[in-house]
Amino acid sequence: MNKALMTTMAAGAVFGAGVVATQVTQAHANAKSDIQAAQNKVNAAKAKVEKLSKGTKVTEVQGGIPAHLKQQITDAQNNIVNLQNSLASSKKNLQYYLDQKDVLQKQLDAENTKANSISDNDPSFQQVWTDFYAAQYAVQDNDAQIQNAQGWTKSYGLQVQDAQNTLKALQDKAKSYGGKTITVKKVDQTALAAAKKDYQDAVKELKNAKAGKAKWKIPATGGHNKYTKKADKKKAAKKHTAKKVVKKAKQLFKIDVKASKVYSYKTIALHKAGRKLEKKGTKLPVYKIVKKGHKEFYLIKGNRVITANKHDVMKIK
């Protein structure tokens, strides 16, 4: 055989082996990334379930109290909370205007000094007096705001006290029915059920991710290029070379690409790197149906996944 041809064939074999090794390494890395992402999702869903299961503290009245009186007590409690929030906001506004008072007064004093020292013939006479009146107005407006905030603060303070007295009277009335106000923990069953459903879905997704890593691999580029399962190694007979067995994955059905922009991806993680545009009208064999969350994907030739959306692909025999 020609020496140059033999050298070329050897180099091609080395390159092909390198390509396969790179594909397998990337596939393992992607599978590991998918499993870690699924595990993180499981951990987050589990933590949410545990938190909701503990419930939250609420104040309620228990005992032989009429329903209308319970409602009155609840309304009174809510009224106190709202009034206390309004009182806090009013106090905050009052403090702001009190802090502004000294600043504005210093500005007015400075403008007053300038206005008293300027002559009528000075070119800036009009502007100086305009600045003086503006500073004077700012002080007066701020003083008015202080009075307004003081009035609201006093009013909300009285309303809070009245609301607290009303609540105490209702609670005293409740005691005559043998009832008492207690703090209990309550669980939001609707939110908890939804969190449990999310946890179950996350566990299923993790299971699928681990199963995908264990069962499937990138096929070799030479000799056989279809999606394959890992073949069990057969023990070689004595004095005979073992024959490598490649088990073909069972084809479930074929799909026809309907949309003009449909991509297949290297892994279920749907990374953009390595994605491939499948042309409209292309018919592809499907070997497995996989899920990511609530979405379904088809496992196709070349260890790739493609959307199962009926608007993008159509199932054929």
Side-chain angles (χ1 to χ4, degrees), residues 47-48 50-118 126-192 194-195:
K48 186 175 182 180
E50 291 176 349
K51 182 179 179 181
L52 290 172
S53 299
K54 293 178 181 178
T56 54
K57 290 183 179 181
V58 294
T59 302
E60 64 177 24
V61 179
Q62 291 185 349
I65 305 173
H68 72 277
L69 182 54
K70 290 182 180 180
Q71 185 61 50
Q72 288 176 350
I73 291 175
T74 300
D75 292 342
Q77 291 171 333
N78 293 336
N79 187 39
I80 290 175
V81 172
N82 293 334
L83 288 172
Q84 286 174 335
N85 290 338
S86 297
L87 177 60
S89 178
S90 181
K91 286 181 177 179
K92 185 177 180 180
N93 290 338
L94 175 59
Q95 188 59 51
Y96 169 78
Y97 291 119
L98 289 173
D99 293 340
Q100 285 289 98
K101 183 176 179 65
D102 292 338
V103 176
L104 295 174
Q105 185 60 51
K106 288 180 181 179
Q107 292 178 355
L108 177 60
D109 292 342
E111 295 298 336
N112 185 47
T113 300
K114 288 170 61 177
N116 290 332
S117 62
I118 196 169
Q126 185 174 357
Q127 183 60 48
V128 168
W129 278 98
T130 299
D131 294 342
F132 168 77
Y133 287 123
Q136 187 179 57
Y137 174 78
V139 170
Q140 294 172 348
D141 180 68
N142 191 74
D143 289 342
Q145 295 294 346
I146 290 175
Q147 292 180 355
N148 185 51
Q150 287 173 335
W152 279 111
T153 300
K154 182 178 180 180
S155 174
Y156 283 128
L158 293 174
Q159 290 182 58
V160 168
Q161 186 60 52
D162 289 343
Q164 290 173 337
N165 294 337
T166 300
L167 175 61
K168 186 177 183 305
L170 291 171
Q171 290 173 334
D172 291 342
K173 186 176 181 181
K175 292 177 182 178
S176 65
Y177 290 94
K180 59 181 180 178
T181 303
I182 62 172
T183 300
V184 296
K185 280 191 174 182
K186 283 195 173 182
V187 177
D188 188 339
Q189 296 297 338
T190 303
L192 179 59

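What you see is a predicted model, and the numbers here were worked out from it, not measured in a lab. Nothing fancy with the numbering, it's 1 onward along the sequence.
A distance of 6.5 Å separates CD of Gln171 from CD of Gln77, quoted to the nearest 0.5 Å. One distance of note links NE2 of His68 with CD1 of Ile73; it measures 9.5 Å at 0.5 Å rounding. The CG atom of Leu83 sits 9.5 Å away from the CD atom of Gln164 when rounded to the nearest 0.5 Å. Note: Asn148 CG to Thr153 OG1 = 9.0 Å, rounded to the nearest 0.5 Å. For the atom pair CD (Gln126) and CG (Asp131), the distance works out to 11.0 Å, reported to the nearest 0.5 Å. Rounding to the nearest 0.5 Å places CG of Leu192 at 13.0 Å from NZ of Lys54.
Not one N or O on the side chain of Ser90 forms a donor-acceptor pair closer than 3.5 Å with the backbone of Ser86. A donor-acceptor contact shorter than 3.5 Å is absent between the side chain of Asn142 and the backbone of Ala138. A donor-acceptor pair under 3.5 Å is formed between the side chain of Thr166 and the backbone N or O of Asp162. In this structure, the side chain of Asn116 engages the main chain of Asn112 through a donor-acceptor pair within 3.5 Å. In this structure, Ser117 contributes its side chain and Thr113 its backbone to a donor-acceptor pair below 3.5 Å.
Residues passing the side-chain hydrogen bond (donor to acceptor under 3.5 Å, both in side chains) test with Asn165, sequence neighbours excluded: Gln161. Applying the salt bridge (Lys or Arg N to Asp or Glu O under 4.0 Å) test to Lys168 and every residue at least two apart in sequence or in another chain returns Asp172.
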Mind listing the side-chain donor-acceptor pairs of residues 97-108 below 3.5 Å, one per line with the distance, residues two or more places apart or on another chain?
residue	atom	partner	partner atom	Å
Asp99	OD1	Gln95	NE2	2.9
Lys101	NZ	Asp143	OD1	2.9
Gln105	NE2	Asp109	OD1	3.1

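The aromatic rings of Trp129 and Phe132 stand perpendicular to each other, their planes meeting at an angle above 60°, with 30° marking the opposite boundary.
Of all non-hydrogen atoms in Leu167 and Ala76, the two that sit nearest each other are CD1-CB, 3.9 Å. Of all non-hydrogen atoms in Ala163 and Asn79, the two that sit nearest each other are CB-ND2, 3.8 Å.
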